[in-house]
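As structure tokens, the structure follows; a few thoughts come after it.
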Amino acid sequence: MPLSQAAPILSLSKVRKNFPGKEVLKSIDLHIAPGELIALVGNNGQGKTTLMKLILGLLTPDEGKILIKGEVAASSRTTNQKALFGYLPETTAFYPNLTGLETLHYLSSLKQGAPSRIDEVFAIVGLEHAKKNRVKTYSKGMKQRLGLAQALLGNPKLLLLDEPTNGLDPSGIHEFYQILSRLKEEGVAILMSSHLLAEIEPRSDALALLKDGIIRAHGTVDELISSAELPSIIKFQKGLSFNEAALDQILKQHTAEKSFLEHTETVVLTCHPPHKQALLFELLSTDKLITKLIVNDPGLEELFLQLNSDLKAS
């Protein structure tokens, strides 16, 4: 079943949260389906962690509804509702002299979970080889995977991950997302906050931009980039028969703008999406006008900067 047609595991409607002297979340609407990874992005202090704490029941909303599998979330979560969630905070701290295995046995007892699940989660996160090693010998990536393992102890249907790859090297990041990909295939929903936009762009099903207490933009990266009409940047070097007048005529037809990189033979064009394909066709069809063509389409980082700029200006 497509994600958009699956019944949400979690729904938030008009959720508000105030702290003394500050309205942190004003009116949050958000739905997460099984097997969906939503990237929650926004500058520091916009309420991302507060939103996760509301979902977990660590904070109580001042207004609005939180539905868990279609049922209103109790202010004090029921045992069944708690079992649906797993949480990995931005900073994890474990007893350094305990082994990984001892750590999960201890945390499993606090969660009243079945010890038989422990070997399974070690296998999921790829730490079987180190489960009898003391945590103080673990690398940053191993500690983060141990943190994910504790979040999986109750066999949750929704994972809340707060900046989970901070401090990981490229190999650790790749391994972490491989684990998340397998969990998604099993139907686990994931809400993840991150500042690493280039990292989450190809891995998220949808993006939710939190700004001034409201989710200002929500959708796939492609949908949001398309609606924002962000330009592509086209770079090329002058060909053997380069003619600036001929280039200007082409650009006029396709409403593109040009600039030159100083002291080089490189030309830079700014082109909006509806005109890009036809512009590229003409550039490539004109004999020896250009060479060494590079096209840079806008991504999540450009989208994020554009949305924040628009909101600030408004």
Side-chain angles (χ1 to χ4, degrees), residues 2-4 36-43 165 168-171 173-174 177-178 181 192 194-211 215-314:
L3 293 176
S4 59
E36 184 177 28
L37 192 160
I38 293 183
L40 184 64
V41 300
N43 292 327
T165 60
L168 296 187
D169 59 26
S171 176
I173 291 172
H174 177 71
Y177 277 108
Q178 281 187 319
S181 180
M192 183 178 72
S194 179
H195 288 104
L196 304 177
L197 302 180
E199 171 194 310
I200 62 175
E201 179 176 355
R203 297 175 170 108
S204 59
D205 299 300
L207 167 77
L209 172 66
L210 190 58
K211 173 76 173 177
I215 293 179
R216 302 282 186 168
H218 184 209
T220 69
V221 174
D222 286 344
E223 288 170 347
L224 294 175
I225 287 175
S226 177
S227 64
E229 296 188 349
L230 295 173
S232 295
I233 304 300
I234 300 170
K235 296 181 181 180
F236 63 83
Q237 289 191 356
K238 298 174 183 179
L240 293 175
S241 301
F242 178 79
N243 182 299
E244 189 169 355
L247 175 63
D248 288 341
Q249 185 60 34
I250 293 173
L251 299 184
K252 183 177 180 181
Q253 292 174 1
H254 302 288
T255 61
E257 299 177 357
K258 76 172 187 295
S259 60
F260 296 92
L261 293 183
E262 291 186 15
H263 312 301
T264 73
E265 292 295 303
T266 301
V267 181
V268 181
L269 306 180
T270 301
C271 174
H272 287 277
H275 305 281
K276 185 182 76 171
Q277 187 172 354
L279 172 60
L280 289 173
F281 179 79
E282 283 212 48
L283 290 174
L284 294 168
S285 299
T286 304
D287 187 40
K288 298 181 181 179
L289 178 69
I290 71 170
T291 184
K292 296 184 180 179
L293 176 71
I294 298 174
V295 180
N296 293 320
D297 289 323
L300 182 51
E301 184 173 352
E302 291 81 7
L303 174 66
F304 180 80
L305 293 173
Q306 177 68 39
L307 289 172
N308 273 284
S309 175
D310 288 347
L311 295 171
K312 186 176 180 180
S314 62

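For this chain, numbers begin at 1 and follow the sequence in order.
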_Please find the pair of heavy atoms, one from Val221 and one from Ser204, that lie closest to each other, and give the distance._
CG2-OG, 4.4 Å
_Distance check, rounded to the nearest 0.5 Å: Leu284 atom CG versus Asp287 atom CG?_
11.5 Å
*Fit a plane to each ring of Phe236 and Phe242, take the angle between them on a 0 to 90° scale, and name the class: parallel (under 30°), tilted (30 to 60°) or perpendicular (over 60°).*
tilted
*Measuring from Leu197:CG to Glu302:CD, what's the distance to the nearest 0.5 Å?*
9.5 Å
*Which atom pair, heavy atoms only, marks the closest approach of Asn243 to Leu289?*
N-CD1, 3.6 Å
*Min side-chain heavy-atom separation Met192-Arg203 under 4.5 Å*: no
*asked:* Within the 3.5 Å criterion, strictly below it, is a donor on Glu199 or Thr165 matched to an acceptor on the partner's side chain?
replied: yes
*Hey, is CZ on Phe281 packed in by over 12 heavy atoms from elsewhere, all under 6.0 Å?*
no
*Summary of salt bridge (Lys or Arg N to Asp or Glu O under 4.0 Å) pairs that have at least one residue in residues 233-252, sequence neighbours excluded*: Glu244-Lys258, Asp248-Lys258
*For Tyr177, does its backbone N or O pair with a side-chain atom of Ser181 as donor and acceptor, under 3.5 Å?*
no
*Hey, could you give me the OG/CG distance between Ser194 and Leu207, rounded to the nearest 0.5 Å?*
11.0 Å
For residues 265-279, tabulate all N or O donor-acceptor pairs below 3.5 Å that involve a side-chain atom, not counting sequence neighbours.
residue : atom : partner : partner atom : Å
His272  : ND1  : Glu229  : O            : 3.2
His275  : NE2  : Thr255  : OG1          : 3.2
Lys276  : NZ   : Asp297  : OD1          : 2.9
Lys276  : NZ   : Asp297  : OD2          : 3.2

_Heavy-atom count check: over 12 atoms from other residues, nucleotides or ligands less than 6.0 Å from Gln253 CD?_
yes
*Going from CD on Gln237 to CG on Leu261, what distance comes out if it is rounded to the nearest 0.5 angstrom?*
9.5 Å
*Any side-chain heavy-atom pair from Leu283 and Leu247 closer than 4.5 angstrom?*
yes
_Interatomic distance, Leu300 atom CG to Leu224 atom CG [nearest 0.5 angstrom]_ = 9.0 Å
*Could you give the distance from CD (Glu201) to CD1 (Ile225), rounded to the nearest 0.5 Å?*
5.5 Å
